[in-house]
K.L.:
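After the structure tokens below, expect a handful of questions from me.
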Amino acid sequence: MTLFDPFELLHHDDVTEALSEAFDRVEDFMAVQSDQGAISLEAAECLQSAVGIEGNARRLFKDRLPDVSETAHSGLVLLGVILGLLAAQAAEPDSQRSTNV
């Protein structure tokens, strides 16, 4: 059985560029929110929705995170998931890309 290697689909430069774009999008989001004083719950939910984390996915995240680590800070782990999903979006062809954030 051959395991799927996601990096087989992207060259190293593509992964670096996609991650850089993901960080840019999160930094832009944070800059806007910081200008408003703090990140509101509504804004955080919009960021999650932009990468497809809604309803059932939020519950799954909450339920499964303790299985991975009982001491992990859920906000930091969620930020990592969001960055990964944004990077995956950045790596998609322009015709399939979502630009919600």
K.L.:
So Phe61 and Ile53, do their side chains get closer than 4.5 Å, heavy atoms only?
P.N.:
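Side-chain contact under 4.5 Å: no.
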K.L.:
I need the Leu78 CG to Lys62 NZ distance, nearest 0.5 Å.
P.N.:
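Atom-to-atom, Leu78:CG and Lys62:NZ are 13.5 Å apart.
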K.L.:
Say you draw a straight line from CG of Asp28 to CZ of Arg25; how long is it, rounded to the nearest 0.5 Å?
P.N.:
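Here the rounded value is 9.5 Å.
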K.L.:
What is the distance from atom CG of Leu79 to atom CD of Gln48, rounded to the nearest 0.5 Å?
P.N.:
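Answer rounded to 0.5 Å: 10.5 Å.
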K.L.:
Restricting to non-hydrogen atoms, name the atom on Ala87 and the atom on Ala18 that form the minimum distance, rounded to 0.1 Å.
P.N.:
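In terms of heavy atoms, the two residues are closest at O-CB, 3.3 Å.
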K.L.:
Is there a donor-acceptor pair under 3.5 Å between the side chain of Ser49 and the backbone N or O of Glu45?
P.N.:
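Looks like yes, one N/O pair under 3.5 Å.
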K.L.:
Using 0.5 Å steps for rounding, measure from the CZ atom of Arg59 to the CZ atom of Arg64.
P.N.:
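Reported to 0.5 Å precision, the distance equals 15.0 Å.
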K.L.:
Report whether Phe23 and Val77 are members of the same hydrophobic cluster (ILVMFWY, side-chain heavy atoms less than 4.5 Å apart, transitive linking).
P.N.:
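Per the 4.5 Å side-chain linkage, Phe23 and Val77 are co-clustered.
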K.L.:
Please find the pair of heavy atoms, one from Gln89 and one from Ala50, that lie closest to each other, and give the distance.
P.N.:
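For Gln89 versus Ala50, the nearest heavy atoms are NE2-O, 3.2 Å.
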K.L.:
Using a 4.5 Å cut-off on heavy atoms from C-beta on, say whether the side chain of Val51 contacts that of Leu86.
P.N.:
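Yes; the side chains approach each other to less than 4.5 Å.
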K.L.:
Check for me, please, whether Val32 and Leu83 land in the same ILVMFWY cluster - side-chain distances under 4.5 Å, paths through other members count.
P.N.:
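No: no chain of side-chain contacts under 4.5 Å links Val32 to Leu83.
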